[in-house]
Amino acid sequence: MTSIALVGQPNVGKSVIFHRLTGRYVNVSNYPGTTVEVTRGALRDHPEQMVLDTPGVLTLPARSEDEQATAHILLNEQLKTLVQVGDAKNLRRTVQLALLLAEAGVPMVLALNMMDEVRARGMAFDASRLATELGLAVVPTVATGNEGMLALSGAIAAAKVPVFRLTYGHDIENAVDDLVGMLPAAHLSARVIALLYLAGDQATEAWLAAQMGSRKKNQQARTASETTFETATETRIFELSALAARRELLQEKFTEPLAEVLQRARMTAADTIVQRVMKNAGQTGNALVQRIGQWSVHRWYGWPIVALVLYAVYAFVGQFGAGVLVGWLENDLFKGIINPWFQQLVTTWVPFVWLQQFLVGPYGLWTMGMTYAIALILPIVTTFFIAFGILEDSGYFARLSVLSNRAFKMLGLNGRAILPMVLGLGCVTMATLTTRILHTPRERLIVTFLLALAIPCSAQLGVVMGMLASYGVGAFLIWLGTVIFILFTVGWLSGKLVKGKRIPLMTELPPMRLPMPSNVVKKTWSRLKWYLMEVIPLFLIGAALMFVLDLIGFLPWLIKAGEPLVTGWLGLPKEASAALLMGFLRRDFGATGLFALGSSLSPEQGLVGLVTLTIFVPCIASTMMIIKEQGLKTAVIMTGIIIPLAFLIGGLMHRALLLVGFTG
Amino acid sequence: MKSLRDFAPGASLVVEGFDSKLTPEARGHLSAWGLLPGTLITLLSHQPVTRLMVEHAELALEDTIANGILVSPRVG
């Protein structure tokens with residue numbers, strides 16, 4: 001099967017183009033780093049051709065794990081066509097990457113995306129002249145508006161290897177020529193591999209090491225069988241040390257790192273080309289939305305905006321979603337109409353009492369599993385996903401990295417760490433994967449731990465907001481303050497304990513824009529679909545498990561055995577043990593268990609229960625992701641720290657609330 | 001040579017080079033964004049971090065990085 005790779009800088013619309021070309025929807029967001037893994041989908045009308053959506057690369061050499069995934073694809077995949085998706089308004093940067101990719105020896109097309117933003121800024125350039133300069137097809141597009149997509153499909157079908165070569169200067173060209181003679185055969189041109197190697201690209205180095213290993217194995221096998229002798233060509237077997245020596249020899253001629261020298265050569269050439277094609281450089285946008293973008297990172301105005309955004313989310317999700325909508329669904333529809341009717345139906349037609357209990361008893365599949373999933377969780381996550389999608393599409397999240405940088409500095413991190421954490425409010429499992437946008441293993445380890453510890457996922461957050469809304473804003477602020485305090489205290493300790501240096505903040509802020517309703521609807525629907533497919537089966541399994549544990553007497557035993565901890569230490573009613581047990585399966589399942597206890601909990605008990613469950617063990621899916629990203633040992637250590645800590649904090653909070661006489 | 005931190009927000013500047021204290025990783029990142037000698041930039045703010053525009057892209061840089069970018073005022 002042949003592949004078409006979409007490659008380009010972060011946040012330029014690769015995933016939207018992927019959706020247009022394949023019909024397959026992947027999450028699209030207005031901040032760099034949404035795609036951290038390669039996504040594959042069949043090309044519409046030509047299902048035998050696979051389209052690859054790759055993580056954004058600012059430039060090559062790749063600097064982070066997600067960028068290396070893209071370099072890996074370029075080196076290892078047999079590509080039919082390379083489609084560079086570029087930000088048309090940042091033409092210089094786009095052309096700079098094109099100057100490298102155009103020499104890869106693969107048929108190539110340049111999609112100049114976001115042409116609407118170019119027009120909004122009054123910019124104008126000659127795309128056909130640019131095509132001539134680069135020796136490849138250039139297609140202006142607005143992927144979100146489906147503009148230019150037909151032309152792009154046509155250009156992909158007719159793509160040719162670009163007729164282009166950038167001359168880097170005598171010394172570099174000599175080194176490239178030497179290296180080309182020492183390199184193994186590859187899908188990409190030897191010249192581009194040589195350039196990547198000279199720039200110190202880690203993915204290229206790893207690829208070369210692997211190639212050398214396989215060549216050596218083949219050589220040993222041949223020697224053992226004594227069937228062939230090394231030929232003259234085989235004497236050219238490259239050695240990493242020879243390559244490294246040639247690179248060092250070139251480096252000696254420059255005071256700056258080679259990566260920078262090569263980058264400057266490309267940027268200078270890009271500058272010249274852009275000057276030739278640019279008709280009007282345009283103005284920086286000054287629309288109200290962009291001004292809000294400026295205020296949102298202002299040292300003073302930024303914080304009231306954060307508070308306003310938080311309050312708006314709280315009002316929409318906590319009060320409207322968990323209050324009004326859940327009230328309609330749970331009380332009026334389920335408890336009022338559906339459940340009594342279903343219970344009547346089951347008791348009439350099902351002859352076995354145990355089966356009746358299994359379906360409609362206190363831990364019944366319908367009365368617990370489906371009621372929790374549909375009447376409680378669905379309205380909450382729907383409102384949360386809408387609010388989240390609006391903020392995500394506006395570009396606001398990336399701005400939080402600027403405001404929060406000082407706070408994260410205390411943890412030995414930088415403001416970029418907030419992105420996985422904010423995404424964790426959507427789904428901790430996905431956010432754990434997103435830690436790949438961070439630059440060092442140290443940053444990834446600390447952020448993964450904090451995600452597992454104190455970041456509630458959407459469903460849990462919605463349930464928390466719903467319960468706290470009935471206790472008042474004060475209770476919400478206490479919960480929020482406690483969780484943030486734990487997050488930063490544990491984060492500060494982790495920052496001290498985990499070895500490695502801190503990387504200062506360097507990030508690009510995407511332009512603020514009005515969220516597109518169609519995008520928000522699509523994202524909400526795609527998340528809801530995914531969420532329900534995971535939640536409904538798990539809630540049913542959870543309910544079935546609880547039923548069995550109750551039937552065999554384990555649940556009553558556990559409730560009794562857990563009394564000293566749950567009732568004595570946390571001050572919760574003994575029934576809350578069941579909710580904590582459910583929390584092992586999913587934190588939101590546990591939180592929903594508390595929510596279902598309703599008025600039998602005092603505000604103080606509700607608050608203690610919610611704080612304990614927020615810090616409690618991450619869900620099964622998140623744990624699996626932690627194992628995948630950090631290894632089993634790390635996952636076990638994290639869980640071993642988190643569970644006792646959750647109970648410790650819960651108990652201390654219970655005592656503190658009693659001391660101050662908190663009544664909600 | 002003056003650094004980015006020596007100019008007031010709103011200034012139009014030309015990148016002249018980098019301080020030797022800047023790490024190769026940081027220099028690599030900046031050059032990938034197009035911040036190379038000769039590049040025109042506009043300084044937007046210093047607080048809570050330094051923000052600047054290069055082409056139509058907005059970058060946010062911590063003080064230690066901003067201090068390492070050497071610039072001069074744009075003439076004309």
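All figures in this text were calculated on a predicted structure; none of them were measured in a lab. Quick note on labels: first sequence line is chain A, next is B, and so on, each numbered from 1.
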Worksheet, complete the sentence: Heaviest contributor of heavy-atom pairs below 4.5 Å to chain B, chosen from A:R266, A:Q96, A:E260, is A:E260
Worksheet item: Do B:S45 and A:Q294 come close enough that some side-chain heavy atom pair is under 4.5 Å?
Response: no
Worksheet item: Which bit of B:L59 comes within less than 4.5 Å of chain A, counting heavy atoms only: side chain, backbone, both or neither?
Response: both
Worksheet item: Relative to chain A, which segment of B:I65 carries a heavy atom at a distance below 4.5 Å: side chain, backbone, both, or neither?
Response: side chain
Worksheet item: Less than 4.5 Å apart, any side-chain heavy atom of B:E58 and any of A:M512?
Response: no
Worksheet item: So what's closer than 4.5 Å to chain A heavy atoms on B:A66: side chain, backbone, both or neither?
Response: neither
Worksheet item: So which part of A:V57 gets closer than 4.5 Å to some heavy atom of chain B, the side chain, the backbone, both or neither?
Response: neither
Worksheet item: Quick one: does B:H56's side chain get under 4.5 Å of A:M123's, heavy atoms only?
Response: yes
Discussion item. I'd like to verify something: which residue of A:T59, A:T268, A:L509 has the highest number of heavy-atom pairs under 4.5 Å with chain B?
Written reply: A:L509
Item to complete: Identify which part of A:R92 has an atom lying under 4.5 Å from any heavy atom of chain B, answering side chain, backbone, both or neither.
Response: both
Item to complete: Name the region of A:Q263, side chain, backbone, both or neither, that has any atom closer than 4.5 Å to a heavy atom of chain B.
Response: both
Worksheet entry | Interatomic distance, B:E25 atom CD to A:T440 atom OG1 [nearest 0.5 angstrom] | 10.5 Å
Worksheet item: Is it true that atom CZ of B:R5 has more than 12 heavy atoms of other residues, nucleotides or ligands lying nearer than 6.0 Å?
Response: yes
Discussion item. Report which part of A:L91 has an atom under 4.5 Å of a heavy atom belonging to chain B: side chain, backbone, both, or neither.
Written reply: both
Worksheet entry | Portion of A:N90 that has a non-hydrogen atom of chain B nearer than 4.5 angstrom | both
Worksheet item: When rounded to the nearest 0.5 angstrom, what distance separates OG1 in B:T23 from NZ in A:K501?
Response: 5.5 Å
Discussion item. Heavy-atom pairs under 4.5 Å with chain A: which of B:T64, B:V54, B:T39 has the most?
Written reply: B:T39
Worksheet, complete the sentence: What one should report as the nearest heavy-atom pair of B:W33 and A:E508 is NE1-OE1, 3.4 Å
Discussion item. Just by distance, no angles: are the side chains of B:E62 and A:N405 close enough, under 3.5 Å, to form a donor-acceptor pair?
Written reply: yes
Worksheet item: Which pair of non-hydrogen atoms, one from A:H298 and one from B:P48, has the smallest distance, and what is that distance?
Response: C-CD, 4.4 Å
Item to complete: Kindly check if the number of other-residue, nucleotide or ligand heavy atoms within 6.0 Å of CZ (A:F254) is above 12?
Response: yes
Worksheet entry | Nearest atoms (heavy-atom pairs only) where B:G34 meets A:M267 | CA-CE, 2.9 Å
